[in-house]
Number of protein chains: 2
Amino acid sequence: MVNTPKYDEAVLQVLDRSSRFRSCREILRDLDRSHSCATGPPSLSTIYRTVHRMSQEGVLDTIQSPEGERLYRRCGTPVRHYHLFCRVCGEVEEIAQVAEIAAVVEKIRCLSDFAQVDHTFELTGVCPRCL
Amino acid sequence: MVNTPKYDEAVLQVLDRSSRFRSCREILRDLDRSHSCATGPPSLSTIYRTVHRMSQEGVLDTIQSPEGERLYRRCGTPVRHYHLFCRVCGEVEEIAQVAEIAAVVEKIRCLSDFAQVDHTFELTGVCPRCL
DNA sequence: CGATTAGATGAAAATGATTATCAGTACCGT
DNA sequence: ACGGTACTGATAATCATTTTCATCTAATCG
């Protein structure tokens, strides 16, 4: 390999500051603010390329937001929690870790021949205000 | 009300033919083929408007495909199954209904004050070929 | 009846996220 | 230095979706 990506480390640092999934725009906004890159923040193109490559390599996990954005998070981020979205107004309620889900994932990991099995679990509903 | 939507019924019929989630383009393709609308198939705009309204009303459920399309299905469609995606090549393995997931969703439905709680559960991993 | 009007529709433009293209540049081994 | 390879940024292209707007349709009122 001739050249190593310049911003991998910075992107991972941003992601490691939070256990939430982040969009490419959020990542850029954070890099802009934190001035953590000597030569200035990367372009949006580079961030897209970086997170895409990293998620192919298994370094990042990705989910789709209800709005259609792709969100990224470092694999193996320990604290896991779920979200209950209101389908009408988009309000979010946090749901704590559920042991049964982890058990199911573990079972599937054993039964299937896939490696590095991870999961997303999303809940939707209609919040009291929108009923 | 002065005028009622002309294509609601046709869209629901298409969705009821399958338990899978369908995209707007798929719905249009099916309507095109089946010639079930007397005055010809609706425009893509109308399908987008129809499924958006119906999902706001709680008639349809929606998920995001890994490719970023929004997919729709009639609420209460009984057979549910999950997918295990390969993060590298995109290959899909079907996972049968898992009772524990339904139980967890039911528990959350009871604990929260949200109505019409639904869920998506997606699994990712790396398939044997890509390892 | 005929006028009015709210809602539905289709075509096309606008939007927004993501990807592809391409020219320029930095780095590595020779 | 040189050639080659991979990274970068700017821009254009793509794709799904939403918005706009002019038109149409059917129910209601005078």
Side-chain angles (χ1 to χ4, degrees), chain A residues 1-12 14-15 20-32 35-57 59-73 85 87-90, chain B residues 1-12 14-15 20-32 35-57 59-73 85 87-90:
Chain A
M1 192 172 303
V2 180
N3 216 344
T4 49
K6 192 161 56 167
Y7 296 105
D8 284 21
E9 197 51 40
V11 168
L12 286 176
V14 167
L15 291 175
R20 286 190 304 110
F21 284 83
R22 326 294 298 268
S23 70
C24 287
R25 282 181 197 283
E26 283 182 299
I27 294 169
L28 177 58
R29 193 162 39 76
D30 274 29
L31 287 175
D32 257 335
H35 304 288
S36 53
C37 310
T39 60
S43 70
L44 198 49
S45 309
T46 297
I47 296 179
Y48 275 109
R49 274 188 290 241
T50 301
V51 297
H52 183 262
R53 175 171 41 80
M54 285 179 166
S55 78
Q56 293 260 325
E57 293 167 354
V59 178
L60 301 185
D61 278 341
T62 173
I63 60 168
Q64 297 271 348
S65 80
E67 289 77 30
E69 272 179 305
R70 252 186 279 269
L71 308 179
Y72 297 88
R73 176 176 74 177
F85 290 98
R87 282 194 291 266
V88 179
C89 69
Chain B
M1 190 172 300
V2 181
N3 218 342
T4 50
K6 193 160 59 164
Y7 295 105
D8 284 20
E9 195 53 39
V11 168
L12 286 176
V14 167
L15 292 175
R20 286 190 303 110
F21 284 83
R22 325 295 298 269
S23 70
C24 286
R25 283 180 196 282
E26 284 182 299
I27 293 169
L28 177 58
R29 193 161 41 76
D30 274 29
L31 286 175
D32 256 336
H35 303 290
S36 52
C37 310
T39 61
S43 71
L44 199 50
S45 310
T46 298
I47 295 179
Y48 274 109
R49 275 188 289 240
T50 301
V51 296
H52 184 262
R53 175 170 41 79
M54 285 180 167
S55 78
Q56 293 260 324
E57 293 167 352
V59 178
L60 301 186
D61 279 341
T62 174
I63 60 168
Q64 297 270 351
S65 79
E67 289 77 31
E69 273 180 304
R70 250 186 280 270
L71 308 179
Y72 298 89
R73 176 176 74 174
F85 291 97
R87 282 194 291 267
V88 180
C89 70

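Letters go in sequence order (proteins before strands), and every chain restarts at 1.
Going from atom CZ of A:Arg25 over to atom CZ of A:Arg29 covers 11.0 Å, rounded to the nearest 0.5 Å. Atom CZ of residue B:Arg22 and atom CG of residue B:Leu28 lie 12.0 Å apart, to the nearest 0.5 angstrom. Note that the CD atom of A:Glu57 and the CG atom of A:Asp8 stand 7.5 Å from one another [nearest 0.5 Å].
One atom, CG of A:Asp32, and another, P of D:dG9, lie 12 Å apart when rounded to the nearest Å. Look at OH on B:Tyr7: it is 12 Å from C1' on D:dC24, rounded to the nearest Å. Per the geometry, CG belonging to A:Asp8 stands 7 Å off P belonging to D:dT8, to the nearest Å. As rounded to whole Å, 17 Å separates atom C1' of C:dA8 from atom NE2 of B:His52. Distance NZ (B:Lys6) to P (D:dA27): 13 Å, rounded to an integer number of Å. Between the CD1 atom of B:Ile47 and the P atom of D:dT18 there is a distance of 13 Å, given to the nearest Å. Atom CZ in B:Arg53 sits roughly 17 Å away from atom P in D:dT17 (whole-Å rounding). The separation between B:Asn3 atom CG and C:dA8 atom P is 7 Å, rounded to whole Å.
Counting only heavy atoms from C-beta on, B:Pro5 has its side chain closest to C:dA8 among D:dT8, C:dA8, D:dG9.
The phosphate of D:dG9 has OP1 or OP2 within less than 4.0 Å of a side-chain N or O from A:Thr46.
With a 4.5 Å cut-off on side-chain heavy atoms, B:Val59 and B:Leu12 count as touching. At least one side-chain heavy atom of B:Ile47 sits less than 4.5 Å from a side-chain heavy atom of B:Leu31. Using a 4.5 Å heavy-atom cutoff, the side chains of B:Val51 and B:Met54 are not in contact.
Listed for the B:Thr62 side chain is a donor-acceptor partner under 3.5 Å among the backbone atoms of B:Leu71.
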What are the atom names and distances for every N/O pair under 3.5 Å that joins the protein to nucleotides 14-18 of chain C?
residue : atom : partner : partner atom : Å
C:dA17  : OP2  : A:Arg25 : NE           : 3.1
C:dA17  : OP2  : A:Arg25 : NH2          : 3.1
C:dT18  : OP1  : A:Arg70 : N            : 2.6
C:dT18  : OP2  : A:Tyr48 : OH           : 2.6
C:dT18  : O3'  : A:Arg70 : NH2          : 3.4

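Applying the 3.5 Å distance criterion, the base of D:dG9 shares a donor-acceptor pair with the side chain of A:Arg49.
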